[in-house]
Amino acid sequence: MGIHRLNHAVLFVSDLARSVDFYTNVLGFRRIPMTPDGFAGAAFLQAPDSTNDHDLGLFEIGPGAGPSGAGRGTVGLYHLAWEVDTLAELERTALALSEAGALVGTSDHGTTKSLYGKDPDGLEFEIVWLIPADLLDDAARDNRKRIRPLDLRREQARYGADTRGGVGISTPV
């Protein structure tokens, strides 16, 4: 099987307009005009720097929808993770999520630096910056075995705020 990346995700949401507003105004996605005829309760969004046709599909199921029980009482998806290019962008995203009341946590996973947020329906997602291959060291690899609080200032001082992440890992050299 030759799978090499996630192309898009589709979420069921209770209020399409509210979800589109969140993903466009907080995370910078843009709406793509590709909703098929007869699908008024759907929207397709593309991430700011994506080359995908779309990255996120949203399908409205209405205000009577109950919250997801995934991980609490049912099986299901825990979260999606989207990658940003720089630690400066990770910091800007943290501020936007915080201002929207949607930032629920941060973590240093050694080789990755992560923010965790929840959308208006409480669906969790991760925004991540990956240490580029040429800057990976044994300490970062060893720290994958533990989760520590994220100190963005320390990471920016160590790697540079504008260092492009994921190069040689998720992005070709």
Side-chain angles (χ1 to χ4, degrees), residues 1-14 16 18-36 39 41-61 65 67-72 74-94 96-97 100 102-136 140-141 143-144 147 150 155 163-173:
M1 187 177 335
I3 294 173
H4 65 274
R5 70 182 177 112
L6 178 68
N7 180 268
H8 68 273
V10 177
L11 305 176
F12 290 114
V13 299
S14 62
L16 183 65
R18 180 181 69 173
S19 292
V20 168
D21 181 67
F22 175 81
Y23 285 102
T24 58
N25 291 322
V26 176
L27 294 179
F29 283 71
R30 62 189 158 276
R31 194 165 185 171
I32 303 300
M34 60 177 269
T35 305
F39 283 85
F44 298 89
L45 308 175
Q46 186 182 51
D49 294 322
S50 175
T51 58
N52 285 340
D53 179 64
H54 67 285
D55 296 285
L56 189 60
L58 302 173
F59 288 79
E60 183 176 70
I61 58 174
S68 172
R72 293 179 297 282
T74 63
V75 296
L77 182 68
Y78 171 33
H79 69 259
L80 302 170
W82 288 298
E83 188 175 339
V84 295
D85 279 338
T86 67
L87 286 167
E89 185 61 33
L90 191 66
E91 183 175 35
R92 283 190 290 278
T93 304
L97 289 170
L103 182 65
V104 297
T106 65
S107 295
D108 180 342
H109 297 281
T111 58
T112 62
K113 314 307 173 185
S114 300
L115 308 174
Y116 294 90
K118 286 191 177 180
D119 79 358
D121 284 303
L123 299 173
E124 191 162 337
F125 56 87
E126 179 180 2
I127 308 292
V128 63
W129 180 83
L130 285 71
I131 298 173
D134 66 340
L135 296 178
L136 276 175
R141 286 185 188 93
N143 282 329
R144 290 183 296 193
I147 300 172
L150 178 61
E155 300 306 323
T163 298
R164 193 156 171 248
V167 176
I169 306 289
S170 60
T171 305
V173 178

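Everything numeric in this text was worked out from a predicted model, so none of it was measured. Nothing fancy with the numbering, it's 1 onward along the sequence.
The side-chain heavy atoms of Ile131 and Thr112, taken from C-beta on, include no pair separated by under 4.5 Å. By the 4.5 Å heavy-atom criterion applied to side chains, Leu115 and Leu150 are counted as neighbours. In this structure, the side chains of Val84 and Arg92 stay at 4.5 Å or more apart for every pair of heavy atoms.
Side-chain polar atoms of Arg31 and Thr35 form no donor-acceptor pair below 3.5 angstrom. Side-chain contact of His79 with Glu126: a donor-acceptor pair under 3.5 Å is present, judged by distance alone.
Put simply, the side chain of Arg30 gets close to the backbone of Pro48: a donor and an acceptor are under 3.5 Å apart. Side chain of Glu60 to main chain of Gly41: no donor-acceptor pair is present (N/O by atom type, distance under 3.5 Å, no hydrogens or angles). Side chain of Asp121 to main chain of Leu123: no donor-acceptor pair is present (N/O by atom type, distance under 3.5 Å, no hydrogens or angles). Listed for the Ser50 side chain is a donor-acceptor partner under 3.5 Å among the backbone atoms of Asn52. Looking at Asp55, its side chain never comes within 3.5 Å of a backbone N or O of His8 through a donor-acceptor pair. Put simply, the side chain of Trp129 gets close to the backbone of Asp85: a donor and an acceptor are under 3.5 Å apart.
In the displayed structure, Asp134 atom CG is contacted under 6.0 Å by more than 12 heavy atoms of other residues, nucleotides or ligands.
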List the atom pairs, donor and acceptor, that lie under 3.5 Å between side-chain atoms in residues 163-171 and the rest of the protein, sequence neighbours left out.
unit_1	atom_1	unit_2	atom_2	d
Thr163	OG1	Tyr159	O	2.4
Ser170	OG	Glu83	OE1	2.8
Ser170	OG	Glu83	OE2	2.7

